[in-house]
Amino acid sequence: MASITEESTARDVRTRKWKLHYNEAGSGYPVIMIHGSGPGATGWNNFAPNIQGLAGKYRVIAIDLPGWGGSDEMDPTIENRNLANAEAVKLLMDELGLAKACLVGNSAGGVDTLHFAASYPDRLSHMVTTGSPVPTGAPNMFTPAGPPEAVRHLRATYADPTPENFRKMTTAMAFSPDFASDAFCAERSVSARRNPTHLTNFLKGFPHGKAGMPPAELIARLSAFKGPALVMHGRDDRAVSMENTLRLVGVISDSSAHIFNRCGHWSQLEHPAWFNGLVDAFLQSRGVTPAIAAPA
């Protein structure tokens, strides 16, 4: 297989509502990856090792959601971000001619995946989340009240996306402090500064974001989702409590959970080979036949 880079996989498409940037590699069953809400987040920088690791068996597509990366801007005071993101994925699927796909969502991208399942269940064949909040409207029982440490750093970094602020945020997000390398923090800082409007729009959502699907309705719709779902979490996540994953497997009947030890909020980046193997095994065990990659 040819070398998989951001440049070689970059694509743009004009949907009915937004221009969307995405990265695509491989062939076979479609697996769409949905990034989290960090400043400077893109489909590529949230999932590069997963795109590279899974593209030999699947058609892997990593979207830049509206308001991030190379996609159009989005104002969360005008429309709810989670519902808009779910719609963006659906519109991308329409443009690419995909009737169904597996969705893989990290963090807030996991919440977008839940909203996609609730809004477009006929378009979702398999669900994978990692480090995802579960909006139930109820407080967590086993974690402190108030914004978690990593989330406080995330907001501060949106307001001032310097490499030093990215270092503080990344140190709180990942289990190993070595993850916050100079190169990683500098790259994220550059990515965040490419479109300052994305930063200011995100901050406008606190506390004036447009209300979305009520939690009780979301949970009721997820309870009706036929699955299957693979729900993952880092044991040491300081952004989103592992309790959320335990709640989600209690909501979706056809689901299983995997907990990574010595892992923070980004299991797909902190343990990429392990993560890729779990996604691959999940898909194959639930009826998907992988493509066979051409020799390099």
Side-chain angles (χ1 to χ4, degrees), residues 13 15-18 20 22 24 26 28-36 43 46-47 50-51 54 57-66 80-136 212-213 215 217-233 244-245 247-258 268 275 278-290:
V13 65
T15 71
R16 290 190 296 104
K17 194 166 181 179
W18 297 284
L20 298 173
Y22 64 100
E24 178 178 346
Y29 198 80
V31 177
I32 301 176
M33 298 185 168
I34 307 174
H35 64 77
N46 265 207
F47 290 107
N50 317 112
I51 299 169
L54 291 169
K57 295 182 177 181
Y58 306 100
R59 181 182 180 185
V60 186
I61 299 161
I63 185 175
D64 286 6
L65 295 166
N80 175 261
R81 192 178 286 285
N82 296 129
L83 293 175
N85 290 344
E87 183 183 9
V89 174
K90 186 260 186 188
L91 292 176
L92 177 62
M93 291 175 65
D94 290 347
E95 292 297 325
L96 299 182
L98 304 178
K100 288 181 178 286
C102 167
L103 266 56
V104 179
N106 169 235
S107 187
V111 183
D112 300 332
T113 300
L114 301 182
H115 280 77
F116 188 98
S119 302
Y120 313 105
D122 58 322
R123 306 294 296 273
L124 180 62
S125 62
H126 304 70
M127 176 198 295
V128 179
T129 65
T130 183
S132 175
V134 180
T136 63
M213 189 179 296
E217 180 181 355
L218 175 64
I219 295 303
R221 292 192 184 192
L222 289 174
S223 297
F225 177 63
K226 301 304 181 183
L230 171 62
V231 188
M232 297 186 274
H233 221 106
N244 286 267
T245 276
R247 282 177 168 171
L248 190 53
V249 292
V251 170
I252 299 175
S253 59
D254 187 2
S255 63
S256 59
H258 181 89
Q268 79 281 9
F275 180 94
L278 288 167
V279 173
D280 181 27
F282 168 65
L283 289 170
Q284 291 198 51
S285 70
R286 303 312 297 266
V288 176
T289 300

TODO: Please tell me if the side chains of T15 and D94 come closer than 4.5 Å, counting only heavy atoms from C-beta onward.
DONE: no
Task: Sub-4.5 Å side-chain heavy-atom contact between E95 and L91 - done: no
TODO: Check the side chains of Q268 and N50 for a donor-acceptor pair under 3.5 angstrom, ignoring hydrogens and angles.
DONE: no
- [ ] Determine whether H258 and F282 make a side-chain contact, defined as any pair of heavy atoms from C-beta on separated by less than 4.5 Å.
- [x] no
Open item on the list: For W18 versus E87, what's the shortest heavy-atom pair and its separation?
Closed with: CH2-OE1, 3.9 Å
- [ ] Check whether more than 12 heavy atoms from other residues, nucleotides or ligands sit under 6.0 Å from atom NZ of K226, and answer yes or no.
- [x] no
TODO: Indicate yes or no: at least one non-hydrogen side-chain atom of Y58 is less than 4.5 angstrom from one of V288.
DONE: yes
- [ ] Using atom types as modelled and distance alone, determine if a side-chain donor or acceptor of R59 lies under 3.5 Å from a backbone N or O of V31.
- [x] no
Task: Contact summary for V231 and L248, nearest pair of heavy atoms - done: CG1-CD2, 3.8 Å
TODO: Supply the atom-to-atom distance L124 CG to K100 NZ, rounded to the nearest 0.5 angstrom.
DONE: 8.0 Å
Task: From CA spacing to verdict: side-chain contact (heavy atoms from CB on, under 4.5 Å), V249, S256 - done: CA-CA 6 Å; V249 292; S256 59; 6.0 Å; no
Task: Nearest-0.5 Å distance, NZ of residue K90 to CG of residue L103 - done: 13.5 Å
Task: Residue from T245, T130, T129 passing side-chain contact (heavy atoms from CB on, under 4.5 Å) with M232 - done: T130
Task: Heavy-atom check, side chain of M213 versus side chain of L114, under 4.5 Å - done: no
- [ ] May I ask you to test the M33-L54 pair for a side-chain heavy-atom distance under 4.5 Å?
- [x] yes
Open item on the list: Measuring from atom CG of L20 to atom CG of D64, what distance do you get when rounded to the nearest 0.5 angstrom?
Closed with: 8.5 Å
Open item on the list: How close do L65 and V89 get, counting heavy atoms only, and between which atoms?
Closed with: CD2-CG2, 4.3 Å
Task: Reported CD1-to-OH distance for the pair I32 and Y22, which is rounded to 0.5 angstrom - done: 10.5 Å
Task: R286 and D254, any side-chain heavy atoms less than 4.5 Å apart - done: yes
- [ ] Measure the CG-NZ distance between L283 and K57 for me, rounded to the nearest 0.5 Å.
- [x] 10.0 Å
TODO: Show your working on side-chain contact (heavy atoms from CB on, under 4.5 Å) between I61 and L92 and close with a plain yes or no.
DONE: CA-CA 10 Å; I61 299 161; L92 177 62; 4.0 Å; yes
Task: Test item: Y29 and P290 side chains (from C-beta on) under 4.5 Å apart, heavy atoms - done: no
Task: Separation of I252 CD1 from R247 CZ (nearest 0.5 Å) - done: 14.0 Å
Open item on the list: Could you report the tightest heavy-atom contact between S125 and P228, atom names first, then the distance?
Closed with: O-CD, 3.3 Å
